[in-house]
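Here's the structure, in structure tokens; my notes come after.
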Amino acid sequence: MRYATREFRLASALVEAADTLAEDFDATRYLQRVSDHCVDLLNARAAGVMLIDGGRPVSLAASSRYERLGLDLLEAQHGGGPCLESYGSGRPVPPVSVRVAHAAARWPDFTAQALRHDIVTTFAVPLRRRDQLLGALNVFVPTPPSRHMNAVPELEVAQALADAAALGLQNRRVYTRYRTLSGQLQEALSSRVRIEQAKGMLAERWGVRADQAFVALRQYARRRRLALDRAAGMVIEGVAADAELRREID
């Protein structure tokens, strides 16, 4: 029954991780929620996500429970740590004893800080979408590594959450890119409509061909260092001096 409850909570966390298309989406708050789920599902003290670009950390987010602790342990990995190792290899770093790692001089800065915070075990999994690595998810546990995993192994739970987060972040990036492109296309269309409208107004007002009116509008914009769309808007709004415009066609 306990495992079924845990699996249900995991399923809910994965569904939540897929929800990245909301208008008020905030990446830091989103990754904090992913870390919160790790703490809840894995009985950890804290968890955190390090987003990495070109081998260098670019963003950190830690679980709301012991957030400062999580951020400290992520920041301590500038010289090496589970996150950078998992990101570099593209594979999980299995649960490791912090004290053993410290004695072996593995990640000395990180392990020293982890021991100060009474962290006994740590492990990390890559944040990836297919072949694209975005960073790593790190879990900090106050108990020794267990030889006998639960029905749903800790490392697999963490990897499932990390994969869901990577998918959510990638979907958000694609969504944002297409939203931006859509806005640019809409603005280009609106600009074209304004230019055609201004050109038609001038051609009708002066009794000339539309191409002659367009030349006058273009010259007017160039001389005054205005965008053509802005000059067209001035014609439509009636704030462009007609005499100056007419001189361009003459």
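This is a predicted model, so every value here is computed, not measured. All heavy atoms count here, side chains included; hydrogens, waters and symmetry mates do not.
A donor-acceptor pair is defined here as one N or O able to donate and one able to accept, closer than 3.5 Å; no such pair exists between the side chain of Q170 and the backbone of L167. Counting only distance, with no hydrogens or angles, the side chain of S12 and the backbone of F8 share a donor-acceptor pair below 3.5 Å. R129 places no side-chain N or O within 3.5 Å of a backbone atom of A166 that could act as its donor or acceptor partner. Checking side-chain atoms of S63 against main-chain N and O of A47 turns up a donor-acceptor pair under 3.5 Å. Not a single donor-acceptor pair under 3.5 Å links the side chain of S191 to the backbone N or O of E187. Looking at S86, its side chain never comes within 3.5 Å of a backbone N or O of A136 through a donor-acceptor pair. A distance-only check finds a donor-acceptor pair linking the side chain of R128 to the backbone of G90 [under 3.5 Å]. With hydrogens and angles disregarded, no donor-acceptor distance shorter than 3.5 Å links the side chain of T111 to the backbone of V98. Without hydrogens or angle criteria, S35 side chain to L31 main chain gives a donor-acceptor distance under 3.5 Å. With hydrogens and angles disregarded, a donor-acceptor distance shorter than 3.5 Å links the side chain of R224 to the backbone of Y220.
With rounding to the nearest 0.5 angstrom, the CG atom of D163 is 10.0 Å from the CG atom of L137. Here M50 contributes atom CE and R56 contributes atom CZ; the two are 12.0 Å apart, rounded to the nearest 0.5 Å. A distance of 10.0 Å separates CG in L73 from CZ in R68, rounded to the nearest 0.5 Å. Atoms OG and CG, on S89 and L133 in that order, are 8.5 Å from each other to the nearest 0.5 Å. Taking CG from D72 and CZ from F140, the interatomic distance works out to 10.0 Å, rounded to the nearest 0.5 Å. Atom OG1 of T20 and atom CG of D26 lie 12.5 Å apart (nearest 0.5 Å).
Clustering ILVMFWY residues whenever any of their side-chain heavy atoms sit less than 4.5 angstrom apart, transitively, puts V96 in the very cluster that holds I119. In the hydrophobic clustering of this structure, Y175 does not group with Y178; members are Ile, Leu, Val, Met, Phe, Trp, Tyr whose side-chain heavy atoms approach within less than 4.5 Å, directly or through other members. Cluster annotation: V157 and V15 are assigned to distinct hydrophobic clusters (Ile/Leu/Val/Met/Phe/Trp/Tyr, side-chain heavy-atom contacts under 4.5 Å, transitive).
A heavy-atom distance below 4.5 Å is not found between the side chains of V39 and R45. In this structure the side chain of V120 never reaches within 4.5 angstrom of the side chain of V141, judged on heavy atoms. By the 4.5 Å heavy-atom criterion applied to side chains, S64 and R33 are not counted as neighbours. Counting only heavy atoms from C-beta outward, the side chains of V93 and W107 approach each other to under 4.5 Å. The shortest distance between side-chain heavy atoms of L42 and F123 falls below 4.5 Å. Two residues are said to be in side-chain contact when any heavy atoms from C-beta on lie closer than 4.5 Å; L245 and W206 meet this criterion. Between F214 and I195, some side-chain heavy-atom pair lies under the 4.5 Å cut-off. Side-chain contact between L51 and Y87 is absent, with no heavy-atom pair separated by less than 4.5 Å.
Residues A13 and L161 approach most closely at CB-CD2, 3.7 Å, considering heavy atoms. Shortest non-hydrogen contact noted between L155 and P92 is CD2-CB, 3.9 Å. Considering every non-hydrogen atom in both R218 and L228, the closest pair reads CA-CD1, 3.8 Å. Heavy atoms only, all atoms of each residue included: L14 and A160 are closest at CD2-O, 3.5 Å. C83 and I52 make their closest contact through O-CD1, 4.3 Å (heavy atoms, listed as atom of the first residue, atom of the second, distance). N43 and P142 get closest at one heavy-atom pair: O-CD, 4.1 Å.
A side-chain donor from one of Q77 and N138 sits under 3.5 Å from a side-chain acceptor of the other. A side-chain N or O of Q113 and one of R116 form a donor-acceptor pair less than 3.5 Å apart.
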Practice problem: Begin with the C-alpha distance, continue with both residues' side-chain angles, and end with the deciding distance and a verdict on side-chain contact (heavy atoms from CB on, under 4.5 Å) for T122 and V139. | Solution: CA-CA 6 Å; T122 187; V139 183; 5.9 Å; no
Quiz item: Can you list the steps and then say if E16 with H37 is a side-chain contact (heavy atoms from CB on, under 4.5 Å)?
Solution: CA-CA 10 Å; E16 183 180 330; H37 287 306; 3.1 Å; yes
Self-check item: Pair L169-L134, side-chain contact (heavy atoms from CB on, under 4.5 Å): steps then yes or no
Solution: CA-CA 9 Å; L169 289 173; L134 305 179; 4.3 Å; yes
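A salt bridge is defined here as a Lys NZ or Arg NE, NH1 or NH2 lying under 4.0 Å from an Asp or Glu carboxylate O, and E85 with R106 meets this definition. Ionic pairing of R223 and E244 is not present here: no N-O contact between side-chain nitrogen and carboxylate oxygen is shorter than 4.0 angstrom. Between D36 and R65, no side-chain nitrogen of the basic residue sits less than 4.0 Å from a carboxylate oxygen of the acidic one, so the salt-bridge criterion is not met. The existence of a salt bridge linking K199 and E204 is excluded, since no basic side-chain nitrogen approaches an acidic carboxylate oxygen closer than 4.0 Å. Using a 4.0 Å cut-off between charged side-chain N and carboxylate O, E23 and R179 make a salt bridge.
Atom CZ of R99 sits in a sparse spot, with 12 or fewer heavy atoms from other residues, nucleotides or ligands closer than 6.0 Å. More than 12 heavy atoms of other shown residues, nucleotides or ligands fall within 6.0 angstrom of atom OH in Y30. The local environment of CZ in R130 is sparse, with at most 12 non-hydrogen atoms from other residues, nucleotides or ligands closer than 6.0 Å. Annotation for R91: atom CZ does not count as buried by contact number, only 12 or fewer foreign heavy atoms lying within 6.0 Å.
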